[in-house]
Amino acid sequence: MSMSVTLGRTRSIGRTEIRRRWRSLRAQPAQLAGMALSVLFLLPVAIGLPVAAYFGGGILAEGSIGAPVDGTRRVAVTIWLAAAAFGGFRGYTMLLDPDCRDGLLTTVSHGQLLAGLLAAEAALFGLPALLVCSAAGALFAVSAGAPLAAPALLVAAALLLSTGFGTGLAVVLLFKNAGVRSRLLARLRTLAFTVLFAAYMGVFLTQSVGAVLDPLYWLFMPTPIGWLGEIVLVAMGIEASTLLAGSAVVVGVTGLAVGTPVLGQLTAWLWYADGIETEHSASSVGAGRLGGLLPGPMAGVVTVDWTRARRAPVSISYALYPLFFLFVPIAETIETGRVGRLLPLALSACGPWITGALFTLNVVGNEGSVLPSTLLAPNPGRALVGGHIAASALVGLPLTGVAVAATGLVSPLSGAAVATLTIGSLLVAATAGPIATGIGALLPRYEAVSVSRSSEAVIPSTFAFGIYSVVIGIVALPLVVGHVSAVAGFLAVPPVAIAAVGIGVSTVVGAVLGAVSTGYAIQRVDRFKFD
């Protein structure tokens with residue numbers, strides 16, 4: 001096959017991929033708004049980097065930095081690590097799972113498909129990065145009074161960004177290849193990413209980014225990755241190792257030449273893998289365990305809900321949005337080294353909120369293509385709605401109770417307050433699922449939407465989630481207010497009495513709303529008609 005034909009197909013795949021991404025993005029207003037916010041967030045960075053380069057060039061030229069070699073090496077390693085993290089993120093979320101992959105692989109080779117996808121990435125992200133680096137190089141050279149510094153900085157940045165991106169992509173490919181060939185790793189995938197996400201949040205909440213990066217700087221600064229930073233110093237005539245700088249360029253170019261076929265081979269192993277089956281008996285085992293607790297039809301609904309969540313955790317990721325409201329109390333706990341009053345109170349509201357959002361906000365739409373057969377079963381409404389409520393309650397109630405009780409016991413709250421807060425949280429959480437069913441039945445969503453860059457799922461509508469959030473917030477408000485010590489002090493009544501009133505109001509309101517909502521949901525399912 002001629003080189004022109006290969007390049008032509010690569011360009012065609014790249015252009016098609018860009019158009020497909022734009023159409024997908026345009027069809028999802030929420031993602032389009034998120035993209036706009038990302039651009040607004042990155043705009044100051046794009047402007048700030050050239051400005052920082054301008055001042056950095058002047059400082060280097062003046063000789064104000066005592067150890068310029070260490071400084072430039074540190075900057076080079078930072079750029080490379082950022083590119084590697086970005087490459088890993090893009091590889092896991094989108095790049096390695098293109099639409100209609102199996103069909104494309106019957107018409108073009110895996111190498112051409114990967115090249116086209118990388119070409120799309122280069123056009124979408126590489127060109128803006130090139131423009132920013134070019135501006136930074138020009139301003140740096142002007143400020144330093146060294147014209148050769150501009151091309152030197154551009155070459156160093158290009159090698160750092162490309163090799164870093166490729167390394168991140170290779171790591172993800174190794175991880176994915178292990179996952180499609182190991183049953184154990186496939187089963188532990190969700191746990192692994194939960195641990196990684198918790199570690200990621202912990203690093204930022206504890207403000208220990210430096211403690212994580214320092215060992216990486218120590219590891220990579222004496223390598224060609226760090227040596228690439230010395231190219232700029234050599235171009236400016238500042239004392240640096242020309243040999244190390246030249247060697248870094250050679251190693252970088254060689255790494256790209258060698259790494260490209262390696263990425264192609266790793267991609268081929270992934271895309272042509274048969275995969276493994278890890279859920280061959282999960283449904284029957286789960287239904288059998290629940291059979292003694294629930295009627296058969298309800299147990300089947302619970303098992304299906306849990307199986308879907310286990311296979312595609314991202315499909316219930318929306319239910320974790322309330323966790324963002326825990327950021328402040330968790331950060332306060334980490335900073336002070338002790339649990340304050342706010343954290344158990346916040347958990348008493350977020351626990352029920354999450355419980356009701358897990359599986360009950362789209363009782364009809366979740367059925368998808370099996371909805372017709374579901375409706376043919378006897379009493380489908382009671383089985384379907386009750387099963388979704390049970391699926392949420394069996395997960396959410398224990399977690400809510402443990403979280404509120406554990407944090408409350410180590411907080412300044414009294415023992416009586418911890419007991420009443422835990423009981424109230426469980427009662428509100430028990431009403432959350434029933435409340436959500438009617439809202440979801442009133443505002444169903446049947447079509448799949450993009451829940452990440454590479455996957456789609458049928459999730460509750462934004463309006464349903466918003467209305468449910470407001471309602472459950474109103475229900476939980478008396479419970480939370482009743483356990484605020486300032487309220488009891490202001491009213492000059494015993495705290496236990498205020499807590500009991502708060503629990504009673506929240507429970508009664510939640511029970512009434514839950515009964516009405518559940519009744520409507522059951523009726524909606526029983527009387528459902530296809531258009």
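Index from 1, following the sequence. Keep in mind the model is a prediction, meaning the values are calculated, not measured.
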Side-chain donor-acceptor pairs under 3.5 Å in residues 127-146, sequence neighbours left out?
| from | atom 1 | to | atom 2 | distance (Å) |
| --- | --- | --- | --- | --- |
| Ser134 | OG | Leu130 | O | 2.7 |
| Ser143 | OG | Tyr54 | O | 2.6 |
| Ser143 | OG | Gly58 | N | 2.7 |

Within the 6.0 Å centroid threshold, strictly below: Phe125 and Phe86: yes

Flag side-chain contact, heavy atom, 4.5 Å: Thr462 against Phe465: no

No-hydrogen, no-angle side-chain donor-acceptor test under 3.5 Å, Ser469 and Tyr321: no

Side-chain heavy atoms of Phe89 within contact of Met94, under 4.5 Å: no

Nearest-0.5 Å distance that lies between atom CG in Leu148 and atom CD1 in Ile231: 12.5 Å

Distance, nearest 0.5 Å, that separates CG of Leu95 from CG of Leu114: 7.0 Å

Check: Glu230 and Leu243 side chains under 4.5 Å, non-hydrogen atoms: no

Side chain proximity check, Leu323 to Leu326, heavy atoms < 4.5 angstrom: yes

Ile225 CD1 to Leu81 CG distance, which is reported to the nearest 0.5 Å: 7.5 Å

Contact list for residues 231-265, test ring pair (Phe, Tyr, Trp, His ring centres under 6.0 Å), sequence neighbours left out: none

Closest heavy-atom pair and its distance - Ser411, Gly408: OG-O, 2.7 Å

Residue pair Ala119 / Thr10: nearest heavy atoms and the distance that separates them: CB-CG2, 4.3 Å

Any side-chain heavy-atom pair of Glu121 and Phe165 under 4.5 Å: yes

Minimal non-hydrogen separation, Ala349 against Val480, with atom names: CB-CG2, 4.2 Å

Between Trp227 and Ser247: side-chain donor-acceptor atoms closer than 3.5 Å: no

Close side-chain approach of Pro98 and Trp271, heavy atoms under 4.5 Å: yes

CD1-CG distance between Ile13 and Leu104, expressed to the nearest 0.5 angstrom: 7.0 Å

Reported CE-to-CG distance for the pair Met236 and Leu60, which is rounded to 0.5 angstrom: 5.0 Å

Over all atoms of both residues, closest heavy-atom pair of Thr355 and Gly396: OG1-CA, 3.3 Å

Minimum side-chain heavy-atom gap Leu159-Trp80 below 4.5 Å: no

Heavy-atom closest pair, residues Pro344 and Leu413: CG-CD1, 3.7 Å

Pairwise side-chain contact, Leu169 with Leu118, heavy-atom cut-off 4.5 Å (strictly under): yes

Spatial distance of atom CG (Leu160) from atom CG (Leu153) [nearest 0.5 Å]: 9.5 Å

